[in-house]
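For reference, the structure discussed in these notes is given below.
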Amino acid sequence: SARARERLAQIEKTGTQEKEAYLKAGLSKDDFIQLVRERAEQEKLPFISAVYQVFDEFLAKELAATGVTLACQKGCCVCCKSTLLTCTEPEIDVLIRFINSLPWQKRIPLVKKIKGYLGEWREYYQKNQSILEREPFLAFRDWRKPCAFLDEAGECGIYPVRIMDCRNYTSLIICSSEMSPQTPCDPYHPGPGRFRFQSETWANNLVLEEEARRLNLPRGEEGVVITM
């Protein structure tokens with residue numbers, strides 16, 4: 001997808017001060033990858049679930065190492081109301097498993113809502129297919145609907161298994177609908193941004209590489225997915 005290609009293009013760009021903080025905290029890409037593999041094997045988790053778990057742990061360490069405090073909290077949902085997100089098939093599998101595990105009182109209304117959104121999306125895409133194939137990022141401009149998983153209280157109905165596009169959207173101040181995320185951004189960038197921390201990039205790339213394995217996409221020498 002267009003967003004996947006954008007995500008792949010992100011680089012691990014961190015200033016000297018932040019890198020020193022990461023080194024002091026003992027954080028490294030190799031350790032991140034190794035821990036994900038161990039977690040998936042030892043706890044019999046789907047690979048993506050292991051990525052999410054390790055990412056949450058490393059993010060907590062990065063926050064402590066850099067002294068950054070995120071403004072994001074339960075019920076803060078500006079980014080959920082007007083941002084079109086994309087995800088991979090492995091992430092969708094984890095979502096489906098989670099939704100199927102919900103009590104029927106929550107599952108049935110949620111599935112009905114998702115089907116309604118899918119119908120609207122198909123109608124929009126079919127109407128604009130020719131131009132979207134040439135300029136896919138127009139969809140991010142046009143699609144301004146709240147997330148299907150956002151409930152009436154402004155809370156996420158699938159928060160434990162939210163996708164990487166959601167996990168890497170953070171801010172140090174309360175957001176407004178007029179703000180656009182900076183991508184990538186410095187850890188100390190006050191407004192909304194993506195790829196603020198190194199663990200976001202590490203986790204994001206593992207998710208995309210898992211998608212590549214499924215789709216048999218060509219890969220570079222260091223495991224970087226090559227887009228055609």
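Side chains are part of it too, since the values below use all heavy atoms of this structure and drop only hydrogens, waters and symmetry mates.
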Considering all heavy atoms of both residues, which atom of [X] and which atom of [Y] are nearest to each other, and what is their separation?
{"X": "Gly193", "Y": "Cys185", "answer": "CA-SG, 3.8 Å"}
{"X": "Leu132", "Y": "Ala139", "answer": "CD2-N, 3.7 Å"}
{"X": "Gly154", "Y": "Cys77", "answer": "O-CB, 3.6 Å"}
{"X": "Leu102", "Y": "Arg107", "answer": "O-NH1, 2.6 Å"}
{"X": "Thr170", "Y": "Cys72", "answer": "CA-SG, 3.8 Å"}
{"X": "Pro192", "Y": "Cys175", "answer": "CB-SG, 4.0 Å"}

Distance-only, no hydrogens or angles: does the [X] side chain make a donor-acceptor pair with backbone N or O of [Y] under 3.5 Å?
{"X": "Arg194", "Y": "Asn168", "result": "no"}
{"X": "Glu91", "Y": "Met164", "result": "yes"}
{"X": "Gln182", "Y": "His189", "result": "no"}
{"X": "Arg167", "Y": "Asp56", "result": "no"}

Side chain proximity check, [X] to [Y], heavy atoms < 4.5 angstrom:
{"X": "Arg213", "Y": "Phe47", "answer": "yes"}
{"X": "Pro46", "Y": "Arg97", "answer": "yes"}
{"X": "Val36", "Y": "Phe32", "answer": "yes"}
{"X": "Thr86", "Y": "Phe140", "answer": "yes"}
{"X": "Gln53", "Y": "Leu45", "answer": "yes"}
{"X": "Trp202", "Y": "Val54", "answer": "no"}

same_hphob_cluster([X], [Y]) at 4.5 Å side-chain heavy-atom cutoff:
{"X": "Ile174", "Y": "Val68", "result": "no"}
{"X": "Val161", "Y": "Leu150", "result": "no"}
{"X": "Tyr169", "Y": "Phe55", "result": "no"}
{"X": "Ile33", "Y": "Val207", "result": "yes"}
{"X": "Leu84", "Y": "Tyr117", "result": "no"}

Greater than 12 external heavy atoms within 6.0 Å of [X]'s [atom1]:
{"X": "Lys113", "atom1": "NZ", "result": "yes"}
{"X": "Glu41", "atom1": "CD", "result": "no"}
{"X": "Tyr159", "atom1": "OH", "result": "no"}
{"X": "Glu123", "atom1": "CD", "result": "no"}

Could you give the distance from [atom1] ([X]) to [atom2] ([Y]), rounded to the nearest 0.5 Å?
{"X": "Gln198", "Y": "Phe58", "atom1": "CD", "atom2": "CZ", "value": "10.5 Å"}
{"X": "Cys147", "Y": "Leu85", "atom1": "SG", "atom2": "CG", "value": "6.5 Å"}
{"X": "Ile131", "Y": "Asp142", "atom1": "CD1", "atom2": "CG", "value": "8.0 Å"}
{"X": "Asp151", "Y": "Ile158", "atom1": "CG", "atom2": "CD1", "value": "11.0 Å"}
{"X": "Asn128", "Y": "Ser130", "atom1": "CG", "atom2": "OG", "value": "7.5 Å"}
{"X": "Thr183", "Y": "Arg196", "atom1": "OG1", "atom2": "CZ", "value": "10.0 Å"}

task = Kindly indicate, with the supporting measurements, whether the criterion side-chain contact (heavy atoms from CB on, under 4.5 Å) is fulfilled by Glu210 and Thr88.
result = CA-CA 9 Å; Glu210 180 67 12; Thr88 62; over 6 Å; no
For Lys61 and Phe197: C-alpha separation, side-chain torsions, deciding distance, then whether side-chain contact (heavy atoms from CB on, under 4.5 Å) applies. CA-CA 11 Å; Lys61 293 177 181 179; Phe197 302 103; over 6 Å; no
Notebook entry, point to check: Going by atom types alone, do Glu133 and Gln129 pair a side-chain donor with an acceptor below 3.5 Å?
Noted result: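 Short answer, yes.
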Checking one residue: Ile96. Which other hydrophobic residues are in its cluster under the side-chain 4.5 Å linking rule?
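Reading the cluster by chain and number, Ile96 sits alongside Ile92.
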Ionic contact status for Glu135 with Arg141, cut-off 4.0 Å: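 Glu135 and Arg141: not salt-bridged.
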Exercise. Got a salt bridge between Arg214 and Glu211, using NZ or NE/NH1/NH2 to carboxylate O under 4.0 Å?
Worked result: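 Result for this pair is no, no salt bridge flagged.
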Could Arg162 and Phe149 be counted as a cation-pi pair, given that NZ or CZ must be under 6.0 Å from the ring centre and within 45° of the axis?
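No, a cation-pi geometry is absent between Arg162 and Phe149.
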